[in-house]
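The structure presented is a predicted model; accordingly, all values stated were derived computationally and were not measured.
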Amino acid sequence: MSTLSDEMELNDPPDFNIGDKVRLRKLIKNDGTFPGQEIGKVLANKGDIGYVISIGTFLQRSYIYAVHFIHTGFIVGCKKKELELIEAGDGEL
């Protein structure tokens with residue numbers, strides 16, 4: 001279900017910055033958009049820790065955070081509701 005806050009997310013600055021250390025709040029499986037992995041393969045587990053390496057947008061409505069999960073090497077696009085900040089980075093990698 002779409003909410004007004006989802007639709008207006010781009011009116012505000014991103015919740016996370018490049019270099020931020022984040023924890024995943026839910027399991028993420030390949031929905032067919034992750035190349036080289038089977039559909040349904042687990043890309044990241046709830047509780048996994050990674051670093052925001054870039055910030056993009058989705059459907060001109062919301063931010064998508066590219067998170068590098070060091071233990072797998074995967075870079076996975078995540079929505080803000082799927083992440084929680086562990087510690088803020090300095091914006092430099």
Asker: A side-chain contact here means heavy atoms from C-beta on lying under 4.5 Å apart; do Ile64 and Cys78 qualify?
Answerer: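 They are not in contact (no side-chain heavy atoms under 4.5 Å apart), so the answer is no.
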Asker: Measuring only between side-chain heavy atoms, which start at C-beta, is Tyr51 closer than 4.5 Å to Asp20?
Answerer: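 No; the side chains remain at least 4.5 Å from each other.
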Asker: So do the side chains of Ile49 and Val22 get within less than 4.5 Å of each other, counting heavy atoms only?
Answerer: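 A side-chain contact under 4.5 Å is absent here.
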Asker: Grouping I, L, V, M, F, W and Y whenever their side-chain heavy atoms are under 4.5 Å apart, do Ile55 and Leu10 come out in a common cluster?
Answerer: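 Shared cluster, yes.
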Asker: To the closest 0.5 Å, what do you measure between CD1 (Ile18) and OG (Ser54)?
Answerer: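 Going from the CD1 atom of Ile18 to the OG atom of Ser54 covers 6.5 Å.
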Asker: Set out, in order, the CA-CA distance, both residues' side-chain angles and the distance that settles side-chain contact (heavy atoms from CB on, under 4.5 Å) for Leu24 and Lys46, then state yes or no.
Answerer: CA-CA 5 Å; Leu24 195 58; Lys46 181 178 180 179; 5.9 Å; no
Asker: Do the side chains of Glu82 and Arg25 get close enough for a salt bridge, i.e. N-O under 4.0 angstrom?
Answerer: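 A salt bridge is absent here (no side-chain N lies under 4.0 Å from a carboxylate O).
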Asker: Taking side chain as C-beta onward, heavy atoms only, is Leu27 less than 4.5 Å from Val42?
Answerer: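 Yes, side chains in contact.
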Asker: Between atom OG1 of Thr33 and atom CG of Leu43, what is the distance when rounded to the nearest 0.5 Å?
Answerer: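 CG of Leu43 is found 8.0 Å from OG1 of Thr33.
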Asker: Can you name the closest pair of heavy atoms from Tyr65 and Glu9 and give their distance?
Answerer: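 Answer, listing the atom of Tyr65 first, then Glu9: OH-OE2, 4.4 Å.
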Asker: Would a distance-only check, ignoring hydrogens and angles, find a side-chain to backbone donor-acceptor pair under 3.5 Å from Tyr63 to Phe16?
Answerer: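 Checking the backbone N and O of Phe16 against the side chain of Tyr63, no donor-acceptor pair under 3.5 Å is found.
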Asker: Show, in sequence, the C-alpha distance, side-chain angles and deciding distance for Ile39 and Asp31, and conclude whether the side-chain contact (heavy atoms from CB on, under 4.5 Å) test is met.
Answerer: CA-CA 6 Å; Ile39 292 175; Asp31 61 1; over 6 Å; no
Asker: Keeping Asp48 on the side-chain end and Asn45 on the backbone end, is there a donor-acceptor pair under 3.5 Å?
Answerer: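 Yes, because the side chain of Asp48 sits within donor-acceptor range (under 3.5 Å) of the backbone of Asn45.
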Asker: Could you tell me if the ring centre of Phe74 sits under 6.0 Å from that of Phe34?
Answerer: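 Ring-ring flag for Phe74/Phe34: true, centres closer than 6.0 Å.
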Asker: Rounded to the nearest 0.5 Å, how far does OG of Ser62 lie from NZ of Lys81?
Answerer: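 Reported value, rounded in 0.5 Å steps: 9.0 Å.
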Asker: Compare every heavy atom of Ile75 with every heavy atom of Ala66, then report the nearest pair and how far apart it is.
Answerer: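 Reported closest heavy-atom pair: CB-CG2, 4.0 Å.
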Asker: Could you tell me whether a side-chain N or O of Asn30 sits under 3.5 Å from a main-chain N or O of Gly40, the two making a donor and an acceptor?
Answerer: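 No, Asn30 side chain to Gly40 backbone: no donor-acceptor pair under 3.5 Å.
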Asker: Let me confirm one number: the CG-CD distance from Leu85 to Glu87, rounded to the nearest 0.5 Å.
Answerer: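 One finds 8.0 Å between CG of Leu85 and CD of Glu87.
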Asker: I'd like to check the side chain to side chain donor-acceptor pair (under 3.5 Å) partners of Arg23; sequence neighbours left out, ordered by chain and number.
Answerer: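 Applying side chain to side chain donor-acceptor pair (under 3.5 Å) to Arg23 gives Glu84.
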